[in-house]
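Shown next, in structure tokens, is the structure this report addresses.
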Amino acid sequence: MGLRLRAAIKILSVNLRHNFMPHLFIALVIAFLTQALFGIASLDAREAAQPLERLLSLTGTVLLTPIFLPEQNEDIRDLIRSKRTNYLAVCALRLACSIFFLAVVMGSFTYIMQCCESAVSFRHFVGGFATALFLGSLGFLFAGISQNTITGYMVSLIYYMINFGMKDELKNLYLFSMSAGSFNEKYWLLGGSAVLMAATFLWLCKASRTV
């Protein structure tokens, strides 16, 4: 058990040093732009949902989509897959790290809004996190099955953009529901995120057996 824990810590350390930090920096830039463009002081509950859903949610795309980015270099991919630690386990650790920091960014931003006397609650954090997680999971899925991170970014951003004009068509998978006064859609987004992530690993597991 100790060996596995040390291996996991080493994998996370390498990921943070060599892969993750640029994406975290971009997520923080998005958080800064969200504050600058929307303003976060003295907002009521619906107004407070808008910055969380309509811009800060893009941090999910930034943090979750590039999980497979290092392996787009064939030499690195072959090296990682030759190691004793299972490749999908490495990806799962990276994903867990990204989800953790996504929660930290969303939680910190929500707390700052609360300090600025906006009417935010734990529900706002959950709703914003669900939105970001779903967008990130879409990017994660398509980056995984296509082995192309750009494809993941494109699918995630296209889905984000169509939410500005297709509320009725998207129904329970509408991203901006809190701004419209509804929270039920967030449960669908959380469930959908779990399905998308599981589907990605199942696809990759099946693909690795055919190689």
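Small disclaimer: the values here were computed from a predicted structure and weren't measured. Just so you know, residue 1 is the first one in the sequence shown, and it goes up from there.
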side-chain contact (heavy atoms from CB on, under 4.5 Å) between Ile26 and Thr59, intermediate numbers included:
CA-CA 8 Å; Ile26 295 172; Thr59 54; over 6 Å; no

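- The structure places CD1 of Ile99 at 8.0 Å from CD1 of Ile67, a figure rounded to the nearest 0.5 Å.
- Ile145 and Ile150 end up in different hydrophobic clusters when Ile, Leu, Val, Met, Phe, Trp and Tyr side chains are linked at under 4.5 Å.
- Residues satisfying the side-chain contact (heavy atoms from CB on, under 4.5 Å) test with Ser108, not counting sequence neighbours, are Val104.
- Taking the side chain as every heavy atom from C-beta outward, Tyr153 and Phe142 never approach each other to under 4.5 Å.
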Going through the distances and angles, do Ser179 and Gln50 end up as a side-chain hydrogen bond (donor to acceptor under 3.5 Å, both in side chains)?
CA-CA 6 Å; Ser179 301; Gln50 292 185 19; 5.0 Å; no

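- When the shell of 6.0 Å around CE of Met21 is examined, it contains 12 or fewer heavy atoms from other residues, nucleotides or ligands.
- Between the side chain of Ser118 and the backbone N or O of Gln114, no donor-acceptor pair lies under 3.5 Å.
- Criterion: ILVMFWY side-chain heavy atoms under 4.5 Å apart, direct or through other members. Under it, Val195 and Leu102 are not part of a common hydrophobic cluster.
- The side chain to side chain contact (heavy atoms under 4.5 Å, CB included) test with Leu133 singles out one residue from Leu138, Leu64, Leu196, and that residue is Leu64.
- In this structure, CE in Met197 is found 4.0 Å from OG in Ser137, a value given to the nearest 0.5 Å.
- Nearest approach of Leu175 to Asn163, heavy atoms of both residues: N-OD1, 2.8 Å.
- Pairs passing the ring-ring contact (aromatic ring centres under 6.0 Å, His included) check and including a residue from residues 48-72, sequence neighbours excluded, read Phe68-Phe140.
- Note: the hydrophobic cluster containing Ile162 also contains Leu55 (ILVMFWY, side chain heavy atoms under 4.5 Å, direct or indirect links).
- No chain of hydrophobic side-chain contacts below 4.5 Å, direct or via other Ile, Leu, Val, Met, Phe, Trp or Tyr residues, connects Leu69 to Met154.
- Summarising the local packing, CZ of Phe183 is surrounded by more than 12 heavy atoms from other residues, nucleotides or ligands at distances under 6.0 Å.
- Leu56 and Phe122 fall within the same hydrophobic cluster, where Ile, Leu, Val, Met, Phe, Trp and Tyr residues are linked whenever their side-chain heavy atoms come under 4.5 Å apart, directly or through other members.
- When ring centroids are compared, Tyr111 and Phe109 stay outside the 6.0 Å threshold.
- With contacts defined as side-chain heavy-atom distances shorter than 4.5 Å, the pair Phe201/Leu95 qualifies.
- Looking only at atom types and distance, the side chain of Ser182 has no donor-acceptor partner in the side chain of Ser177 under 3.5 Å away.
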Start with the C-alpha gap between Tyr174 and Asp168, add the side-chain angles, then the distance that decides, and say whether side-chain contact (heavy atoms from CB on, under 4.5 Å) holds.
CA-CA 8 Å; Tyr174 178 57; Asp168 294 335; over 6 Å; no

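- Listed here is the closest heavy atom pair of Ala48 and Ala119: CB-O, 4.4 Å.
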Given the rule in the side-chain contact (heavy atoms from CB on, under 4.5 Å) test, do Ser156 and Tyr160 qualify, once you have shown the distances and angles that lead to the verdict?
CA-CA 6 Å; Ser156 183; Tyr160 167 78; 5.8 Å; no

Give the intermediate values and the outcome of side-chain contact (heavy atoms from CB on, under 4.5 Å) for residues Arg46 and Met178.
CA-CA 7 Å; Arg46 284 200 182 185; Met178 277 199 308; over 6 Å; no

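- Separation of atoms CG (Leu88) and CG (Leu204) is listed at 5.5 Å; rounding is to 0.5 Å.
- Taking each heavy atom of Thr131 and Ser57 in turn, the nearest pair found is CG2-CB, 3.6 Å.
- For the atom pair Met166 CE and Met161 CE, the distance stands at 12.5 Å (nearest 0.5 Å).
- Atom-to-atom distance recorded for His23:NE2 and Leu28:CG is 13.0 Å, nearest 0.5 angstrom.
- Not counting sequence neighbours, Ser193 has no partner by the side-chain hydrogen bond (donor to acceptor under 3.5 Å, both in side chains) test.
- By the 30° and 60° cut-offs, the orientation of the rings of Phe129 relative to Phe125 is parallel.
- Closest approach of Met113 and Leu43 over heavy atoms only: CE-CD1, 4.0 Å.
- A cation-pi geometry, defined here as NZ or CZ lying under 6.0 Å from the six-membered ring centre and within 45° of its normal, does not hold between Arg54 and Phe38.
- Ion pair Lys167/Glu185 not flagged as a salt bridge, since none of the NZ, NE, NH1 or NH2 atoms sits closer than 4.0 Å to an Asp/Glu carboxylate oxygen.
- Here the closest heavy-atom approach between residue Thr151 and residue Ser146 is recorded as CB-OG, 3.5 Å.
- Taken to the nearest 0.5 Å, the OG1 atom of Thr34 stands 8.0 Å off from the CG atom of Leu58.
- Smallest separation of non-hydrogen atoms from Ser98 and Leu63: OG-O, 3.0 Å.
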